[in-house]
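Input: a single structure, listed below in structure tokens.
Chain letters run A, B, ... following the sequence lines, proteins first and then strands; every chain starts at 1.
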Amino acid sequence: MGRGAARVGRGGVRRGRVRGGRLALRLGRPLGAGPSDRRAARPLRASGAPSGRRGPVRPHEGPSDREPDPRLRVPDPAPDPGRAHPGILHVRRLADEGPLVQPGPRVRHDRRAPRNLLWPGVLRNRGARLLLRPDVAARPARQHPGEVDPRRADLPPLRLDRPGLRRGAGVRPVPVRRVRPRRTARGRRGRVLRVRPPVLAGPEPRDADHEPLHGRLDRHPRGDPGPPHRRRPARDVRVRRRAGDGAHRARAARRHRTRVVAEGALLSAAELPPRFEPKAIEARWQAAWERAGIARAPDRPERPAFTIVLPPPNVTGVLTLGHILGDTVMDVLVRYHRMRGTPSLWLPGVDHAGLSTQVEVRRRLAKQGVRFEELPREEALRAIEAWKQEHEARILEQLRAGGFSLDWSRYRYTMDPGSARATRDVFVHLFRAGLIYRGERMVNWDPLLRTAISDLEVVHREEETELLFVRYPWADGSDGGVEVATVRPETIFGDVAVAVHPDDGRHRAEVGREVVVPMTGRRVPVVTDSAVDPEFGAGALKITPRHDPVDREIAQRHPELAAAVEIFDERARLDGAWVPEIYRGLDRVRARTATIAALEEEGLLLRRAKYRHSVARSERSDEPIEPRLSTQWFVRMAPLAAPVVAAVRRGEVRIHPARWETTFYRWMESIQDWCISRQVIWGHPIPVTHCRACGHADASVEPIVACSKCGSTNLSADPDVLDTWFTSWLWPFVTLGWPDRTADLDHYYPTSVLVTGRDIMFFWVARMLMAGLEFTGRPPFSDVYLTGMLRDEQGRRMSKHLGNSPDPLQVIGERGADALRFAVVFPNPTDEDGPFGTGALDGGRNFLTKVWNLVRFARPFLAESDATPAPPAPGAGSVEVRWVLSRYERTRAEVDAALRAFEPTRAATALHTFLWHDLADRFVEMAKESLAGRAGADARRDTAGALGFVLERSVRLLHPFVPHVTEELWHALPHSGELLAVAPWPPEGEVPVDPEAELEMEPVLETIRWLRNLRSEEKVPAESTPAAWVRPQSPEVAEILARALPTIVRLARVERVTFLGPAEPAPPDAGSRVAPFGECYLARPVGTAAESEALGREREKLHGLLEKTRARLADPGFRARAPPDVVREAEEKARELEARVRRIDDHLKAAGSGEKAA
RNA sequence: GGGCCGGUGGUCCAGCGGUGAAGACGCCGCGCUUACAACGCGGAGGUCGACGGUUCGACUCCGUCCCGGCCCA
């Protein structure tokens, strides 16, 4: 079907992409490894639509927790004599019908429920702690130090003969659908069963899950006590199977939770649910903060302020988890500074996102069969406005749900009147300063949206296309021709020449001759240009100046060439004088097919090859960019960029992480002028008036009525609108009132830090710096914090395209805002790309549950008080008290340092480690004895005091990260103040760092660890408490261990610990380990064979180390050159290792002989 | 083509001249205990990408290479 003028020829040429005179493209390199052709090739089809798959977080499956179990019934209120309270409904599970577990492989009992159950039908609470009426002042009476242990004194004895409960008969399998898909996917554990705890069948449950811990809501601003309490929902209990475990089963049944309270009653704090329910807490505290106006920054702050402007999300879309990451970082910083007493402003707003919004609306209309381009302007704008309203509402909902403390009273929009005025002023200013110009340039043209876009809105992607080798026949009719390689045969119509490299010997004879452009009959010369890559193909390039920037440059160097004619219209359909009639109107895809066919028919298509190269596409429409010569408005960047680079170099603006500075400089120094005009309707108009009489263009803040040059009144407004970023780059000061000199501008500008993703560093950060310096004379912020990108669990970037970015609202609904917030800052650094998924979310939630339970544990021991817990006296209390205070102080310092250095992850990690491992795992475990009063009243007071102090402070430190839970917990702890959100930040040095205590804790913790290790190695049954012996390595260690003996005995679960002198013989029938501080022995369970595997392993390891250390010491260079203390350390280490190895050998010998004897 | 970043137990990551290489998830064993099974206790698992160099000493500094990612053209 090809019909173009056919000529014959030979020779293959191909255009290479050429940059800066360098020859870039080479044939013969592996596909995909090559540099790219700048010409956009039309792909077969636009890339795939979003898959619509939801992210990894799935909605809760399985039966609802709330359905009353029909097998349960509520007996008459028959209070347990002496302890129950009027108002408490007692629920009794019908034992035979209760949740059961069927024996089978690997049943494992869930102890969670049993643990908390005291009795079917009896609440765990003592009556004194229950609040019976909501109107009663909420704080329950508290135990005072010295009184009977609240936990022990009045619990009922277990009575197994209780009606409704038979020993061993409580648990039966209730197979249910999988509740937690991820976890239960581990098939090897066998079937997961769900045991349903009893459910209140009485008063209908309402929707909130439990009452605030604290009983003080009446003192809140407005005193809204929140929803009255209702029962805990039944929990899912996973039961893993394990054969022959009837005792456990019975216990499980016995202890089943029956936490039921009559309607209207409040749960006391002691009755905190073992897991917190984020939903109720979060909504309540968000409301409280809003009422209290915590985020409202003062109009006239008296001190220098801390300011962040929220990078305005596009009203186009919704927030993604990526936004949540940045927002969390910002909220952490703002809350931190607010608590430190700095007037703090976090200013919210949204961006009209001109182009992308229009794309979305266009897409939506297309689905309804409406062509956006055909709509009257007014209607199109209305459609966009409607879209904006919808999405704005959604975004605001998301921001609120996250608990972000934004000052909504200062909410702004890039299309509000203030922004419009500022945009206009800025344009006029730059126009007058000669920094804005209009000119015909090669721009990135989006044929779908029919607008120019800036370089930054173009994305390059490697794509597979076809490279065609086309013969351009000689014009004189002789055989052969020039072989040209191209990926864009459809642009042949626009060719004005064929170019070869001047030094390319193969083509020397061809230069100056004429060839015929296939399909057109036009004759064009063969010219030379050094921009041609001689190594690509046969080294000849077709020159299409209107459709390739490189070609245009070459053409400009050859004035003798014919002026090129446009061959595409604005939708990139073939058109124009050089295009033969039959091709006109074809879009690029069809044009390519047609031209290939034509070339083939004419015998000019020599070869086709698969070819991978980078294709430029419009970021918004995904349409391949058509380089196109057109008249646009530009901003000169170099004069604006120079001061920015200087400011960064001077350190006036710091970039975190600092390594991005290099990238920043590189980009700023090779910056291109910015094309700011867009041929769309959604945006700020370009404030330029054109004179129809003389063509003069002028910009003015005031309306222009007559041409300033010729006086004509025949004027027209510029039809284009401005790039969205032309408004966004003013954001940090426009939001504060600029161009007016407002109080906000005075107090809150320049802002403190800008937190945003790296992806818009050039788009936005760099341009804001330029605008700030140009229009306000100051950098708009002193620090830039660039966050990383969240990836999904497969390491893919989260994108709408992949459908792997869950909706934050959904995640918040499932796991809670706090869990989400913690998950984005921990454990992976916020300034690196990191994986994010259910794993991280679980981690966040688990941590919060841990903290929750810490408070839950501590509450009964804490004094009733309206005062902030005072720092314990320095040096008072047991080792563990001094130790935990010391660890607290170190943690506090670390958190401070990290937050000041913009390292939220480091701060979160410090808190995580301290709260979980130091406080919960170690201190609380050690403290239980003193708290129970068994170490005397003083110890109890000191320990409880330290616990209260540390917990209250820690909750404060944690607040910026997870504001809702901490607010809730804070009110459950002794504290002073109305809201944690405005409580002061814990000051430095309230308690000392105590290295001595830290040192002393070491052997204690180690001894416990080694004894536990022995337990495990020697397979000591869990319930038995064998005798233990310790041979301390020195009298000092002995003294330390002696002081901590009860703790060691308890935590290592041994019967007693006997100290052995250096020469005393080892106890018989005991497993042994040789620890750094001494030797540990543990009586073996009867019948266990002597087992020294672990000991042998230990010996190997230590021996290896010893050899290494000896070798080092043997090196004369080491002794001569290493610092003396390093040498001394090595010597000590060698001695210690030697001793230990020797002891192990003794033990092994003893064990060996013992075995022989046995 | 230019530039940047990274390569550490199964996974994700910390450490950035003297370590017995930290932690989290996962895995294995055991589940006693006055909060927490979304948990506790114990355990296994690493030639710190490869090769050279500098150094008394290298996961750490330098060079080359390999692999992955990103940005720019």
Side-chain angles (χ1 to χ4, degrees), chain A residues 17 19-20 22-26 34-36 38 108-113 115-116 149-152 155 180 183 186 237-238 240 248 272 274-275 455 460 614 659-660 662-663 666-667 670 758-759 761-762 789 793 795 797 819 826-829 832-835 839-840 842-843 845-861 906 909 912-913 917 920-921 924-925 928-929 931-932 1008-1009 1012-1017 1019-1025 1050-1053 1076 1094 1101-1102 1104-1105 1108-1109 1112 1115-1123 1125-1127 1129-1130 1133 1137:
Chain A
R17 201 201 60 212
R19 210 167 9 86
R22 201 102 66 83
L23 311 171
L25 206 51
R26 250 153 253 147
S36 42
R38 195 161 221 231
R108 185 136 172 202
H109 289 275
D110 185 331
R111 275 159 191 283
R112 195 170 13 160
R115 179 96 50 96
N116 291 296
D149 177 4
R151 300 306 183 85
R152 291 256 150 130
L155 298 185
R180 309 187 52 229
R183 294 235 154 206
R186 305 179 278 194
V237 178
R238 285 186 308 132
R240 287 188 284 182
H248 282 232
L272 281 187
R275 302 176 180 188
D455 292 343
H460 297 263
S614 140
R659 71 187 126 85
W660 290 98
T662 349
T663 315
R666 199 176 313 280
W667 187 77
S670 59
R758 281 200 285 281
D759 47 339
M761 177 158 89
F762 302 135
M789 300 278 192
E793 280 171 320
R797 220 158 135 160
F826 179 87
N828 289 323
E832 291 289 346
D833 293 1
D842 283 349
R845 183 201 50 186
N846 294 357
F847 173 59
L848 299 180
T849 309
K850 194 70 183 175
V851 177
W852 178 269
N853 277 298
L854 260 174
V855 173
R856 194 163 159 252
F857 167 80
R859 244 194 79 130
F861 303 109
R906 210 176 98 208
T909 306
H912 182 268
T913 305
H917 302 300
D921 289 350
V924 161
E925 289 309 321
K928 277 176 177 170
E929 203 69 0
L931 289 174
I1008 293 168
R1009 215 193 88 221
R1012 281 170 167 176
N1013 179 312
L1014 268 171
R1015 282 188 75 93
S1016 195
E1017 299 281 352
K1019 309 258 186 294
V1020 175
E1023 65 278 4
S1024 82
T1025 51
R1050 198 164 40 89
L1051 294 189
R1053 293 197 52 75
K1101 191 175 125 195
L1102 293 179
L1105 273 171
K1108 225 166 93 183
T1109 311
R1112 189 149 33 123
D1115 181 348
F1118 177 66
R1119 288 188 180 279
R1121 306 213 188 181
D1125 44 330
V1126 172
V1127 177
E1129 244 172 66
K1133 191 160 130 188
L1137 288 169

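- The side chain of A:Arg856 approaches B:C36 more closely than any other nucleotide in the set B:C4, B:G18, B:C36.
- Using N1 to N3 plus N6-O4 or O6-N4 for Watson-Crick, or N1-O2 and O6-N3 for G-U wobble, each under 3.5 Å, B:G23 pairs with B:C12.
- Listed candidates were B:A35, B:U34, B:G29. Nearest to the side chain of A:Ala932 is B:U34.
- When both distances must be under 3.5 Å, the Watson-Crick or G-U wobble mate of B:C48 does not exist.
- The nucleotide whose nearest atom lies closest to any side-chain atom of A:Ala1022 is, among B:C71, B:C30, B:A35, B:C30.
- With distances taken from any side-chain atom of A:Pro1123 to the nucleotides B:G18, B:C4, B:C36, the minimum falls on B:G18.
- Among the protein residues, A:Leu848 comes within range of no part of the nucleic acid, since none of its heavy atoms lies under 4.0 Å from any strand.
- As rounded to the nearest Å, B:U64 and B:G69 have P atoms that lie 22 Å from one another.
- Searching all strands for a Watson-Crick or G-U wobble partner of B:U54 with both distances below 3.5 Å returns nothing.
- If you check B:G29 for Watson-Crick or wobble pairing at under 3.5 angstrom, you find it paired to B:C41.
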Collect all protein-nucleotide pairs involving nucleotides 57-62 of chain B in which both atoms are nitrogen or oxygen and the distance is under 3.5 Å.
none

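- OP1 or OP2 of B:G43 has at least one side-chain nitrogen or oxygen of A:Asn1013 nearer than 4.0 Å.
- Relative to the side chain of A:Arg1012, the nucleotides B:G31, B:C36, B:G42 differ in distance, and B:G42 lies closest.
- Comment: A:Arg845 engages A:Asp842 in a salt bridge, judged by a side-chain N to carboxylate O separation of less than 4.0 angstrom.
- Checking the phosphate oxygens (OP1, OP2) of B:G23, no side-chain nitrogen or oxygen of A:His917 falls inside 4.0 Å.
- Nucleotide B:G1 forms a Watson-Crick or G-U wobble pair with B:C72, both donor-acceptor distances falling under 3.5 Å.
- Of the candidate nucleotides B:C36, B:G42, B:C39, B:G42 has the atom lying nearest to any side-chain atom of A:Arg1009.
- An OP1 or OP2 oxygen of B:A24 is reached within less than 4.0 angstrom by no side-chain nitrogen or oxygen of A:Asn828.
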